[in-house]
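Every value quoted in this text rests on a predicted model; they were computed, and no experiment measured them. Each residue takes its place number in the sequence, starting with 1.
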Amino acid sequence: MIRAIIIDDETYCCEALATLLDHCCPGVQVIGSYHNGIEGIDAIRKLSPDLVFLDVEMPKMNGFDMLASLPSVNFEIIFTTSYDKYALKAIRFSAIDYLLKPIDQEELQIAVEKVVRRSQKPIAQQLEILMQKIQQPSRPINKIAMPTMEGLQMIEVEQIISCESDSNYTILHFAGGKKMVVSVTLKDIEELLDEHSFLRVHRCYVVNLNRVEKYVKGEGGYLVMSDGSSVDVSRSRKEDLLRKLLPGRV
């Protein structure tokens with residue numbers, strides 16, 4: 001049985017989530033609901049929960065501030081939040097789970113099932129990435145957390161040469177022929193890396209522009225990357241690519 005607490009400043013949100021958990025997640029026992037960060041910190045210290053459902057937007061001390069004030073995080077986290085593109089991007093960079101309000105039953109079940117399957121709590125690097133992104137949302141960070149079949153991998157963004165779509169997964173290509181399959185769609189990769197020098201050049205490829213060695217002309221043409229690989233460019237994305245490669249000349 002997973003012992004969980006809910007931290008949310010809105011009472012009805014706590015009640016609604018507790019009811020949903022009781023209805024569709026019998027393996028989760030809600031042992032308390034709390035309405036601000038101070039209460040939440042105290043509850044975590046006293047109860048040592050396995051899982052914390054943590055609201056992002058709370059007055060005085062939001063969910064991120066609350067986490068930052070803890071000496072260590074030895075519990076699973078599922079953030080709950082209304083849509084906030086900056087908060088969501090920070091959470092997704094760190095690969096910590098989140099649920100958008102109003103919480104959908106199926107998405108809740110999926111998030112809880114991930115907790116059940118995982119054997120590790122959030123690691124310090126995940127939380128470090130999260131806090132860096134929250135404190136400086138417009139500043140690109142050099143590492144990203146990516147879920148793989150084996151667990152979580154911390155990846156230096158600039159080491160990625162290209163990203164190739166593989167259905168609901170993405171194959172990351174690195175120097176020396178090294179590859180890594182991550183449990184993230186190419187669309188999500190594109191959104192996460194848009195503030196770095198990455199560009200979607202084909203429906204199947206996102207590339208690191210800093211790793212482009214040559215562009216070969218054609219209907220769409222193709223790119224030669226620093227690892228010697230070739231990446232096709234779709235005709236519809238050619239102009240955008242050339243604009244990025246030749247700023248001011250296209």
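Formation of a donor-acceptor pair under 3.5 Å by the Arg200 side chain with backbone atoms of Arg237 is not found in this model. Put simply, the side chain of Gln126 gets close to the backbone of Ser94: a donor and an acceptor are under 3.5 Å apart. Here the side chain of Lys238 pairs a donor or acceptor atom with the backbone of Gly218 at under 3.5 angstrom. Side-chain atoms of Glu128 do not come within 3.5 Å of backbone N or O of Ala124 as any donor-acceptor pair. With hydrogens and angles ignored, the 3.5 Å screen pairs no side-chain donor or acceptor of His202 with any backbone N or O of Val233. At least one donor-acceptor pair closer than 3.5 Å links the side chain of Arg3 to the backbone N or O of Ser48.
Between Leu186 and Cys163, the shortest heavy-atom distance links the atoms CD1-O, 3.6 Å. When all heavy atoms of Lys89 and Leu192 are compared, the closest pair comes out as CE-O, 3.8 Å. Nearest heavy atom pair, residue Ala111 against residue Asp97, reads O-OD2, 4.2 Å. Heavy atoms only, all atoms of each residue included: Asn62 and Phe64 are closest at OD1-N, 3.0 Å. Counting all heavy atoms, side chain and backbone alike, Leu21 lies closest to Val112 at CD2-CG2, 4.2 Å. For the residue pair Ile134 and Ala87, the shortest heavy atom distance occurs at CD1-CA, 4.3 Å.
For the pair Ile41 and Ile44, the minimum side-chain heavy-atom distance is 4.5 Å or more. Between Asn208 and Val157, every side-chain heavy-atom pair lies at or beyond the 4.5 Å cut-off. By the 4.5 Å heavy-atom criterion applied to side chains, Ile144 and Leu193 are counted as neighbours. For the pair Val206 and Thr170, the minimum side-chain heavy-atom distance is 4.5 Å or more. Counting heavy atoms from C-beta outward, Ile7 and Met58 have side chains that approach closer than 4.5 Å. The shortest distance between side-chain heavy atoms of Met61 and Ile38 falls below 4.5 Å. Within the 4.5 Å cutoff, side-chain heavy atoms of Phe198 are placed close to those of Ile160. Leu70 has its side chain within reach of Phe75: a pair of non-hydrogen atoms, C-beta onward, lies under 4.5 Å apart.
Under the 4.5 Å side-chain contact rule for hydrophobic residues, Ile161 and Val181 do not share a cluster. One hydrophobic cluster, built from ILVMFWY side chains closer than 4.5 Å, cannot hold both Tyr222 and Val231; they sit in different ones. Residues Val184 and Met154 fall within the same hydrophobic cluster, defined by Ile, Leu, Val, Met, Phe, Trp and Tyr side chains chained together at heavy-atom separations under 4.5 Å. Connection of Leu108 to Val116 is established within a shared hydrophobic cluster, with ILVMFWY side chains joined at heavy-atom distances below 4.5 Å, either directly or through further cluster members.
Side-chain contact check for Asn74 and Ser72: no donor-acceptor pair (N or O, by modelled atom type) lies under 3.5 Å. Side-chain atoms of Asn142 and Glu158 form no donor-acceptor pair, as typed in the model, at a separation below 3.5 Å.
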> Do Val212 and Met225 pass the side chain to side chain contact (heavy atoms under 4.5 Å, CB included) test, and can you show the C-alpha distance, the side-chain angles, and the key distance before you say yes or no?
Replying inline: CA-CA 5 Å; Val212 173; Met225 307 303 293; 3.9 Å; yes
>> For a side chain to side chain contact (heavy atoms under 4.5 Å, CB included) check, start with the C-alpha distance between Ile155 and Met180, then their side-chain angles and the critical distance, and finish with the verdict.
In response: CA-CA 10 Å; Ile155 298 169; Met180 182 185 298; 3.6 Å; yes
>> Between Arg243 and Asp240, is the salt bridge (Lys or Arg N to Asp or Glu O under 4.0 Å) condition met? List the steps.
In response: CA-CA 5 Å; Arg243 189 181 301 115; Asp240 192 26; 3.2 Å; yes
>> Checking Lys101 against Glu57 for the salt bridge (Lys or Arg N to Asp or Glu O under 4.0 Å) test, could you report, in this order, the C-alpha distance in whole Å, the side-chain angles of both residues, the deciding distance, and whether it holds?
In response: CA-CA 11 Å; Lys101 297 178 181 179; Glu57 303 92 358; 5.1 Å; no
>> Go through it in stages, so that I can follow the logic: the residues are Leu88 and Tyr98, the test is side chain to side chain contact (heavy atoms under 4.5 Å, CB included), and I'd like the CA-CA distance, side-chain angles, deciding distance and then a yes or no.
In response: CA-CA 8 Å; Leu88 289 181; Tyr98 68 91; 3.6 Å; yes
>> side chain to side chain contact (heavy atoms under 4.5 Å, CB included), that's the test. Do Thr81 and Leu100 meet it? Break it down for me.
In response: CA-CA 5 Å; Thr81 180; Leu100 283 175; 4.1 Å; yes
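With salt bridges taken as basic N to acidic carboxylate O contacts below 4.0 Å, none links Asp166 and Lys179.
Expressed to the nearest 0.5 Å, how far CG of Asp55 lies from SG of Cys13 amounts to 7.0 Å. Once rounded to the nearest 0.5 Å, the distance linking CD1 of Ile189 with CD1 of Ile171 reads 11.5 Å. Note that CE of Met146 is 6.0 Å distant from CG of Leu172, once rounded to the nearest 0.5 Å. Rounding to the nearest 0.5 angstrom, the gap separating the CG atom in Asp104 from the CD1 atom in Ile110 is 8.0 Å. One finds the CD atom of Glu191 at 7.5 Å from the OG1 atom of Thr185 (value rounded to the nearest 0.5 Å). Atom CG of residue Asp8 and atom CD1 of residue Ile5 lie 12.0 Å apart, to the nearest 0.5 angstrom.
Counting non-hydrogen atoms of other residues, nucleotides and ligands closer than 6.0 Å to CZ of Phe174 gives a total above 12. The environment of OH in Tyr169 is sparse: at most 12 heavy-atom neighbours from other residues, nucleotides or ligands sit within 6.0 Å.
With respect to His173, the side-chain hydrogen bond (donor to acceptor under 3.5 Å, both in side chains) criterion is satisfied by exactly one of Arg211, Glu164, Lys178: Glu164.
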